[in-house]
Amino acid sequence: SIMKPTELLKKRKEQGGIESIQSKQFNDGVLKHINNSQIPEKIHVLRFMNQDCRLIGNLSEHVLHIYAFDFDFSAYKH
């Protein structure tokens with residue numbers, strides 16, 4: 001089903017949806033894909049495929065910037 005971003009933000013992380021995580025929790029492999037002067041304070045993590053995968057990025061001015069996909073839960077400190 002199609003959901004609006006505001007609906008995804010309301011879902012609990014255990015149900016999928018989006019979580020904002022402090023950028024300092026991400027490993028250098030993710031952060032190297034972001035211009036140092038543009039690293040946001042928080043980075044969004046979108047869970048999908050039954051919680052098995054994560055899309056890591058940020059939304060700015062109606063554009064989704066995708067920094068990485070995390071298939072093995074190694075992109076940030078859990």
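Keep in mind that the numbers below use all heavy atoms, side chains included, and drop hydrogens, waters and symmetry copies.
Between the side chain of E19 and the backbone N or O of V45, no donor-acceptor pair lies under 3.5 Å. N27 contributes a side-chain N or O that, together with a main-chain N or O of S74, makes up a donor-acceptor pair within less than 3.5 Å. In this structure, D28 contributes its side chain and L31 its backbone to no donor-acceptor pair below 3.5 Å. Listed for the S23 side chain is no donor-acceptor partner under 3.5 Å among the backbone atoms of I43.
L64 and L46 fall within a single hydrophobic cluster, where Ile, Leu, Val, Met, Phe, Trp and Tyr are joined by side-chain heavy atoms under 4.5 Å apart, directly or via other members. Under the 4.5 Å side-chain heavy-atom criterion for ILVMFWY residues, a single connected hydrophobic cluster contains both I21 and I56.
Minimum interatomic distance between H44 and N58 (heavy atoms only, all atoms of both residues): ND1-OD1, 2.6 Å. V30 and F26 make their closest contact through CG1-CD2, 4.0 Å (heavy atoms, listed as atom of the first residue, atom of the second, distance).
For the atom pair CZ of R47 and CD1 of I18, the computed distance is 10.0 Å after rounding to the nearest 0.5 Å. D52 contributes atom CG, which lies 8.0 Å from atom CZ of R54 (distance to the nearest 0.5 angstrom).
By the side-chain contact (heavy atoms from CB on, under 4.5 Å) test, K24 pairs with Q22, sequence neighbours left out. For F69, the side-chain contact (heavy atoms from CB on, under 4.5 Å) partners at least two apart in sequence or on another chain are F48, L55, I66, F71. Qualifying ring-ring contact (aromatic ring centres under 6.0 Å, His included) partners for Y67, counting only residues two or more places apart in sequence or in other chains: none.
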